[in-house]
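Below: one structure, written as structure tokens.
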Amino acid sequence: MSDFDLIVLGGGSGGLAAAFRAANHGARVALLEPHLLGGTCVNVGCVPKKAMWLAAEIAGKLSMAETLGFATRHGQLDWPVFIAHRQRYIENIHQSYKRRLDAAGIATLPMRAHFVDARTVECNDGVRLRAPKIVIATGGRPQRLQVAGAELAGVSDDFFHLCHAPKRVALIGSGYIAVELAGVLQALGSQVELFARNSRLLASFDAELAELLAEDYRQSGVHLHFDYRLQALERDGARIRLRAADGVAGEAFDTVLFATGRQPNTDGLHLENVGVAMDMRGQVQVDAWQSTNVDGVYAVGDVTGQLTLTPVAIAAARRLMDRLFGGQSGAKLDYRDVATVVFSHPPIAIVGLTEAAARAQHGDAVQVFRTGFRPMLYALADVPQRSLFKLVCVGDERRIVGIHLLGDGADEIMQGFAVALKRGITLDDLHDTVAIHPTSAEEVVLMR
Ligand code: FAD
């Protein structure tokens, strides 16, 4: 006897999407979430991060406004006021999820659970639930480097507890979260230093864009330390000092944050009771259909380590439910050509192959088109920040296989071009499209 048709472990982006879609197809669903509904994205990820990014963007625009003749005095952000707005926004999302879960008849339990067998989970109050299908959507959490004193530093979750801009901040890492937090904190009044083990920012992104972004960050006052090997964190009164592998310790910081990757939430799930295969990092192994090696057990989202983005977790979950309960036997997510944005200052948006990846795959058949320009507002205010847009094309027909945008508005420009790239458009198709003037977006269709 089964209590439900489906049990979903985790009420984050992937878990909620799975629960809603399955219920929509008529399934009896139980959703287990021990913390806040919405998971990482809503509570300590995309949503509060974007709110802080918007505050930082406003700060930048305010200082340009003054140059351009507005009588406004460039004031400091009152963090508690802004955070009250941010949290009100997030609370509205929680309430909306609760209403929708009730309306959909989904049994929502504020519990952590683990596997007893492939059809049974046990909640932390000892209650057991059974279903023929179980989805693991337990996401991940930030990880610290394993160095002496690591506990002195915070992680991205702690950034969202800040109620003021710490005077001096060290960010350890060079991926998108490090870059985003560094940009926000610098714009909102901190003196930020970023310490990267790599010799550049954003290793998997286009190298030219990353180089120009590094230049922008330097101009805005962020100190970038590349090829840095951290050995230890040491207490210095109320502050923290970084000691490098060569023994040198720099000045002390008020706040140190690790942005050095994330680990999957699989410990404690007792997956060994079921024999679900995981990789070396503890990520659940799934095939193209989100199926694990155990019949009836599936996984979506960050816990699988596949393109760890909210819309990816949602799309994978919805397609899985369409397959399991909606009679759509061919439904699965195509993980290729997913567009993504780094909310840096200015933002970066990408879709498809980098120039380097395209050359590795297609050799001399690759052609790259680029344009650098100053967006109108920056030119008017005489701010040096420039945009750089790149198209990566392949073959005689010049099919677009990569679009890389750094600059004001890139985050909003990309979505439509991502559709076009996925439809297989060529450079001629872009040239056949009449530009919208004067915009930054028009530069994409004017590139030659
Ligand atoms: P989560 O959202 O992490 O949800 C997992 C849930 O499972 C959690 O709520 C957890 O409490 C619960 N859980 C854990 N263990 C158990 C258990 N045993 N039983 C029951 N429940 C359990 N993505 C974007 O697309 N755009 C962005 O701008 C963006 N910015 C980000 C910024 C930051 C700082 C971070 C950290 C992430 C960001 N992401 C962004 C990534 C995005 O947040 C994740 O890809 C997304 O949240 C993954 O969803 P998920 O459902 O897999 O996991």
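For reference, positions follow the sequence shown, starting with 1. Start at 1 and go down the list; that is how both ligands and their atoms are numbered. Here the structure is a predicted model, which is why all the values come from computation and not from measurement.
Contacts between Val312 and ligand 1, counted as non-hydrogen atom pairs separated by less than 4.0 Å, are absent for every part of the residue. Residue contacts with ligand 1, taken as heavy atom pairs separated by less than 4.0 Å, involve Arg262 solely via side-chain atoms from C-beta onward. Contacts with ligand 1 closer than 4.0 Å are made by side-chain heavy atoms of Tyr176 only, the backbone lying farther away. Counting heavy atoms closer than 4.0 Å to ligand 1, residue Arg112 contributes atoms from both its backbone and its side chain. Of all the heavy atoms of Ala137, the ones lying under 4.0 Å from any atom of ligand 1 belong exclusively to the backbone.
Summary of contacts: the protein heavy atom closest to atom 9 (O) of ligand 1 is Glu33 OE1, 2.6 Å. Counting only heavy atoms of the protein, atom 20 (C) of ligand 1 lies nearest to Leu32 O, 3.4 Å. Scanning the protein heavy atoms around atom 47 (O) of ligand 1, the nearest turns out to be Cys41 N, 3.4 Å. Among all non-hydrogen protein atoms, the one lying nearest atom 18 (N) of ligand 1 is Ala113 O, 3.0 Å. Counting only heavy atoms of the protein, atom 26 (N) of ligand 1 lies nearest to Cys46 SG, 3.7 Å. Among all protein heavy atoms, the one lying closest to atom 30 (N) of ligand 1 is Lys49 NZ, 2.9 Å. Counting only heavy atoms of the protein, atom 52 (O) of ligand 1 lies nearest to Asp302 N, 2.8 Å.
Salt-bridge annotation for Asp5 and Arg28: present, with a side-chain N of the basic residue lying under 4.0 Å from a carboxylate O of the acidic one. A salt bridge links Asp334 to Arg336: at least one charged side-chain nitrogen sits closer than 4.0 Å to a carboxylate oxygen. With respect to Asp287 and Lys332, no salt bridge is recorded, no charged nitrogen being found less than 4.0 Å from a carboxylate O. Salt bridge annotation for Glu193-Arg168: present, with a cationic side-chain nitrogen under 4.0 angstrom from a carboxylate oxygen. Under a 4.0 Å N-O distance rule, the pair Arg218/Glu215 qualifies as a salt bridge. Asp408 and Lys61 are joined by a salt bridge, as a carboxylate oxygen and a charged side-chain nitrogen come within less than 4.0 angstrom of each other.
Only one option out of Val392, Val444, Ile425 pairs with Ile400 in a side chain to side chain contact (heavy atoms under 4.5 Å, CB included); it is Ile425. Exactly one residue among Leu109, Val135, Leu16 makes a side chain to side chain contact (heavy atoms under 4.5 Å, CB included) with Leu31. That residue is Leu16. Between Leu209 and the options Val342, Leu388, Thr354, a side chain to side chain contact (heavy atoms under 4.5 Å, CB included) holds for only Leu388.
Distances from atom 13 (N) of ligand 1 to the heavy atoms of Val155, Thr138, Val303 put Thr138 nearest. Distances from atom 33 (C) of ligand 1 to the heavy atoms of Gly301, Ala313, Gly45 put Gly45 nearest.
In this structure, Trp53 and His345 have parallel ring planes: the angle between them is below the 30° cut-off, well short of the 60° mark.
The Val44 neighbourhood of ligand 1 comprises atoms 34 (C), 36 (C), with distances under 4.0 Å to a heavy atom of that residue.
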